[in-house]
Amino acid sequence: QVQLVESGGGVVQPGWSLTLSCTTSSDIVNLYVMGWYRQAPERQRELVATTKIGGSTKYGASAKGRFTISIDQSKKAVLLQMNDLKHEDTAVYYCNAGRGFLRNWGRGLQVTVSA
C-alpha cells in the first residue's frame, strides 16, 4: 500500500555532495511525516531528518548544518541533500513515511564516503 522507492546512493569522496530521493504517492507525501534514517555497522538506526507538509522539520545532530530535507510535491518525493560528506556518514539510509503510530520503511540505500 505504501511504496517507497529510494534512489541516489553511491560512493563519493569526503567533502562531496549527494542527493537521495524517495518517491512515493501524492497521498503519502501530503499526509505523512517523511524522513530519512541511517544505520551504520555496529550502530543503532538514527534519525537523519524528517519533515511534514504543514508541519515541522527536524534534523539529527550529525546532519544539522550539512543536510537539507525537502518535499517535492510535483515529483511526489522526499529529498535529502547531503553536503560536505564525511567518512562517518557511511551507512545504509532508509526512507520513512509515518503517520500516528504507523511507520513504513524503504529497503535501504547504501551511501559510502571514502577516498
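All figures in this text were calculated on a predicted structure; none of them were measured in a lab.
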Q.
Tell me whether Y59 contacts the main-chain N or O of I69 through its side chain, where contact means a donor paired with an acceptor under 3.5 Å.
A. yes
Q.
Can a donor-acceptor pair be found, under 3.5 Å and without considering hydrogens, that links the side chain of T50 to the backbone of M34?
A. no
Q) Taking the side chain as C-beta and beyond, is there a heavy-atom pair between N96 and W36 under 4.5 Å? A) no
Q. Is L31 reachable from I28 through a run of I, L, V, M, F, W or Y residues, each pair having side-chain heavy atoms under 4.5 Å apart?
A. yes
**Q.** S17 to Q81 - nearest heavy-atom pair and separation
**A.** CB-NE2, 3.7 Å
Q. Which is it for S56 and T51 under the side chain to side chain contact (heavy atoms under 4.5 Å, CB included) test, yes or no, and what are the steps along the way?
A. CA-CA 6 Å; S56 62; T51 191; over 6 Å; no
**Q.** Short side-chain to backbone donor-acceptor contact, Q39 and V92, under 3.5 Å
**A.** no
Q.
Within the supplied structure, the quantity of interest is the number of heavy atoms (other residues, nucleotides, ligands) at a distance under 6.0 Å from Q44 CD; does it exceed 12?
A. no
Q) When rounded to the nearest 0.5 angstrom, what distance separates OG in S21 from CG in L4? A) 11.0 Å
(Q) Using only atom types and a distance under 3.5 Å, with no angle test, would you say the side chain of D89 pairs donor to acceptor with the backbone of K86? (A) yes
(Q) Does anything in residues 39-62 form a salt bridge (charged side-chain N to carboxylate O under 4.0 Å, His left out)? List the pairs, not counting sequence neighbours. (A) R38-E46
**Q.** Flag for Q110-T112: side-chain donor and acceptor within less than 3.5 Å
**A.** yes
**Q.** Hphob cluster co-occupancy, V78 + V5, side-chain heavy atoms under 4.5 angstrom
**A.** no
Q | V29 with L109, same ILVMFWY side-chain cluster at under 4.5 Å | A | yes
(Q) Is the shortest side-chain heavy-atom distance between S7 and L20 below 4.5 Å? (A) no
**Q.** Joint cluster assignment, Y93 & V2, ILVMFWY side-chain distance < 4.5 Å
**A.** yes
Q. Measuring from Y94:OH to W105:CH2, what's the distance to the nearest 0.5 Å?
A. 9.0 Å
(Q) I'd like to know if the side chain of T90 and the backbone of V113 have a donor-acceptor N/O pair within less than 3.5 Å. (A) yes
Q) Atom CD of Q13 and atom OG of S114: how far apart are they, to the nearest 0.5 Å? A) 8.5 Å
Q. Is the shortest heavy-atom distance from the side chain of S26 to the side chain of Q73 under 4.5 Å?
A. no
Q) Cluster question for you: counting only ILVMFWY and a side-chain heavy-atom cut-off of under 4.5 Å, with indirect links fine, are M82 and L47 together? A) no
(Q) Are N83 and F67 packed together at the side-chain level, in the sense that at least one heavy-atom pair is separated by less than 4.5 angstrom? (A) no
Q.
Has N104 got a side-chain atom pairing as donor or acceptor with A97's backbone, closer than 3.5 angstrom?
A. yes
Q. Can you tell if the side chain of L80 reaches within under 4.5 Å of the side chain of T19, non-hydrogen atoms only?
A. no
Q) Could you give the distance from CG (L18) to CG (L85), rounded to the nearest 0.5 Å? A) 6.0 Å
